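Quick notes on the structure that follows.
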Amino acid sequence: MRSWVEISLQQIRANFRAVQALVGDSVEVMPVVKADAYRHGAIAVSHALEAEGARWLAVSNVEEGCVLRQAGTQARIVVMADFLEDEREMLATHHLTPVIHSLQDLHAVHVPYHLKIDTGMNRLGTSAQPDEIARAVKAAPAPLEGLMTHFASSGNYESKQTEQQLERFEAVIEGLRRAGITPRYMHSSATTPIAYRRQEAWGNLVRPGHAIYGYVSPARSAPARVLNVAPALTWKATVLEVKDVEAGALIGYGGIHRAARPLRIAVLAAGYADGIPHRLGNRGQVIVKGKFAPVVGAVSMDLTTIDITGCPDLQAGEAVTLLGADGAASINAQQMAKWAGTISYAVLCGIHARVKRVYID
Ligand SMILES: *Cc1c(COP(=O)(O)O)cnc(C)c1O
């Protein structure tokens with residue numbers, strides 16, 4: 001294989017258990033498997049999570065939900081990022097649970113739904129007043145099953161935005177209560193408020209994505225992290241060719257790397273079309289036989305060149321590690337993101353479908 005990822009379903013299950021153990025029995029865990037489970041493969045990941053006891057899964061769109069249903073997923077599936085008019089029928093036939101973002105849409109919904117409140121992120125969700133929301137929910141033909149919101153700045157404990165958002169969310173819950181409506185589920189927490197124990201935001205359902213795949217982003221001025229998870233994915237690429245170049249040689253597109261001395265380089269069978277960030281040119285590192293080796297020159301569409309002068313016995317046909325551990329060295333998506341000037345989420349979601357997936361249990 002030119003380039004592949006190895007995914008530990010056992011680690012994914014362990015990460016799910018760690019979240020469940022942290023939030024306790026009174027809070028359900030709804031793993032987020034959107035974007036093909038952050039590229040870990042939504043079908044395999046969902047089956048593993050269901051086997052571990054997950055009764056809810058969250059996806060972004062109707063198509064993602066249909067794929068899981070067709071693969072035999074029994075869990076409830078919540079479609080978080082809205083649906084289009086022409087997807088309404090698919091939503092119903094595949095027993096997906098919609099999130100409604102506007103009170104105007106309530107009259108057309110005929111299955112239990114979750115309602116998203118925009119509490120200050122100014123993305124999806126209704127920003128209507130609590131009493132307006134209560135009136136609309138009462139008049140709607142289908143039952144309100146869940147009330148949700150999403151935080152904009154939960155990773156920054158110097159900001160008051162999360163407290164303000166929670167206050168608005170509470171005001172809506174209170175407005176509904178006065179009207180005699182208590183939704184079965186209340187949820188607002190993705191990975192960060194779980195991992196740093198912002199317990200007042202947990203409600204009775206949490207929506208971890210990143211944590212399920214083993215990541216928690218650092219948070220500014222945060223209390224101690226209380227969630228222990230580990231990455232489940234290792235990414236490898238095969239060496240196509242090894243060669244020696246002379247001092248002064250220019251490597252790759254644009255000749256952006258000039259060899260300061262004679263170098264041994266290896267050409268890897270993966271490039272930015274596979275998801276290696278283009279910004280890693282002259283900046284990133286990979287692991288060769290337990291040692292770091294720098295990327296030299298530009299990352300090409302299908303190829304990346306590394307300097308293996310420090311580990312010269314690498315041969316064509318052998319593999320190097322792009323993400324994961326090898327011996328004492330390891331690189332995770334946060335480290336790669338830092339080199340590339342992006343975020344770990346984007347590194348994981350950027351791993352292209354042509355990179356083969358291998359599941360190790
Ligand atoms: C993606 C998403 C999540 C999961 O976020 P993580 O930070 O990956 O845990 C939770 N809720 C909503 C609404 C999302 O879009």
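Keep in mind that this is a model prediction, so the values were computed, not measured. Start at 1 and go down the list; that is how both ligands and their atoms are numbered.
Looking at F151, Y215, Y38 and measuring to atom 8 (O) of ligand 1, the nearest heavy atom belongs to Y38. Nearest-heavy-atom check against atom 12 (C) of ligand 1 across H187, K116, H150, H210 picks out H150.
The nearest heavy-atom contact from the protein to atom 14 (C) of ligand 1 is K34 NZ, 3.0 Å. The protein heavy-atom contact nearest to atom 11 (N) of ligand 1 is R207 NE, 2.9 Å. For atom 5 (O) of ligand 1, the closest non-hydrogen atom on the protein side is A190 CB, 3.4 Å. Protein heavy atom in closest approach to atom 9 (O) of ligand 1: T191 OG1, 2.6 Å.
Near Y345, with a cut-off below 4.0 Å to any heavy atom, the atoms of ligand 1 are 6 (P), 7 (O), 8 (O). Of all atoms in ligand 1, numbered sequentially from 1 with element shown, those under 4.0 Å from a heavy atom of P208 are 9 (O).
Here's the thing with M80: none of its N/O atoms is less than 3.5 angstrom from an N/O atom of ligand 1.
Taking NE2 from H40 and CD1 from I12, the interatomic distance works out to 5.0 Å, rounded to the nearest 0.5 Å.
The aromatic rings of Y38 and Y345 sit tilted relative to each other, their planes meeting at an angle between 30° and 60°.
The side-chain tip of R279 does not point at the ring of Y272 from less than 6.0 angstrom away and within 45° of straight on.
Salt-bridge check for E318 with K289: passed, with a basic side-chain N closer than 4.0 Å to an acidic carboxylate O. Salt bridge present: R354 and D302 bring a charged side-chain N and a carboxylate O closer than 4.0 Å.
Looking only at distances, a side-chain donor or acceptor of E87 sits under 3.5 Å from a matching main-chain atom of L84.
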